[in-house]
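Working notes, structure below.
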Amino acid sequence: MKIIDIHTHGIGGYDTRTTDVEHIFRIAEIEGSYGVSEIVPTIYPTTIKIMRENMDVIKKAMEIQKSEVRTRTPKDFGVRPSTHEVSALGQKLEIKIQNDASRIIGIHLEGPFLNPLKCGALNAMTFIEPSEYNFKELIEGFEDIIKIITIAPELNGALSLIKQMADSGIVVSMGHSQATYAEAEAGFNRGAKGITHIFNAMRGFHHREPGIAGFGILNNDIFIEVIADPHHLHPKTLELIFKIKNHDKILLVSDSIKQTDAFFIKDGIIDMHGRLLGGSMPVTESAKRLIANGFDENTIMKCISENIEKYLKDRT
């Protein structure tokens, strides 16, 4: 079974805010040690210049992986054994890898076309207008490896840019957004295919305005990312999602960051203001947690494998 994490900023002391290709390999190796087959490293929003530098180092890592020049394995770095066991309902599901790193299959740009009102732990000062000029300046030279872009659909110019992105084969995800239900629906109608970490960093559900979160749950055709660590969503919210949402459209993601791995068993990773900075466990550990809490094993495993492959099918 191919296990994929499409939203990971980093893990184990390393993240994508780097110009050192070794840091990207280290992320891939640690992810691989947790049984993750493929990853889509996720770039933080910052200046276009720095985002391009971050993308360039990931592109180099992808090229090296493809050329099979790199021969070191997680064992060379003293990381965990290559077999993890996921306990569920008295059974054990073994996730095996061949002592190698996760394959890097592309890039997820989380921004910079986001709503400052819903920045979450991201730096709102780096968010920019979703114009065609900014978009071209951002992606030039990286068109073949950008798989996903997160954008807030309610911003001026966002709808036309969503169409342009989707037409070019990029998977468009809506997030960090104050969008109403109608605005989210408009983004979907223009080509948006997913919603980034549902309920987190977005307009909440209200009985008079269901918002982007309501749209994500109720629309049968849009995919939704779900962070299923112990901190981002209440257990009953997770239950609500799996009771209402089409299971084929649920994507478990880690949203892991530099601090993830060493601390995932402990409290959530928060800043001095009490804001969650990112996911607290690898996606395979989130799957293990849900299964142990009674969620159907086959359903959960599809959410980290088959569903994600379908989501990315436009950019293979």
I'd like to know if the side chain of [X] reaches the main chain of [Y], judged simply by a donor and an acceptor atom lying under 3.5 Å from each other, with no hydrogens or angles considered.
X	Y	value
R52	E137	yes
N200	I227	no
E129	L155	no
E183	T180	yes
R17	Y44	no
K245	G216	yes
D229	G279	no
T196	G194	no
S254	V283	no
R103	I39	no

Using a strict cut-off of less than 4.0 Å between a Lys/Arg side-chain nitrogen and an Asp/Glu carboxylate oxygen, indicate whether [X] and [Y] qualify as a salt bridge.
X	Y	answer
D248	K302	yes
K49	E53	yes
E309	K313	no
K60	D56	yes

Quick one: does [X]'s side chain get under 4.5 Å of [Y]'s, heavy atoms only?
X	Y	value
D20	Y14	no
T284	V36	yes
F199	I217	yes
N115	F127	no

Could you go step by step and tell me if E306 and K310 meet the salt bridge (charged side-chain N to carboxylate O under 4.0 Å, His left out) rule? CA-CA 6 Å; E306 182 180 327; K310 290 177 181 177; 3.3 Å; yes

Apply the test salt bridge (charged side-chain N to carboxylate O under 4.0 Å, His left out) to residues E132 and K136: give CA-CA distance (whole Å), side-chain angles for both, the deciding distance (0.1 Å), then the verdict. CA-CA 6 Å; E132 182 178 356; K136 287 183 177 179; 3.0 Å; yes

Output, in order, the C-alpha distance, side-chain angles, deciding distance and verdict of side chain to side chain donor-acceptor pair (under 3.5 Å) for T46 and T126. CA-CA 5 Å; T46 180; T126 66; 5.7 Å; no

Find the distance between [atom1] ([X]) and [atom2] ([Y]) and round it off to the nearest 0.5 Å.
X	Y	atom1	atom2	result
K147	Y311	NZ	OH	11.5 Å
I162	I170	CD1	CD1	12.0 Å
M55	L138	CE	CG	4.5 Å
K59	D144	NZ	CG	5.0 Å
I291	I300	CD1	CD1	6.5 Å
D5	I11	CG	CD1	8.5 Å

Just checking, is any N or O donor in the side chain of [X] or [Y] under 3.5 Å from an acceptor N or O on the other one?
X	Y	answer
H7	D255	yes
E154	S177	yes
E31	T8	yes

Distance-minimising heavy-atom pair for T260 and M281: CG2-N, 3.6 Å

Nearest heavy-atom neighbours spanning I198 and L233: O-CD2, 3.8 Å

Verify the ring-centre separation between H197 and H176: is it less than 6.0 angstrom? yes

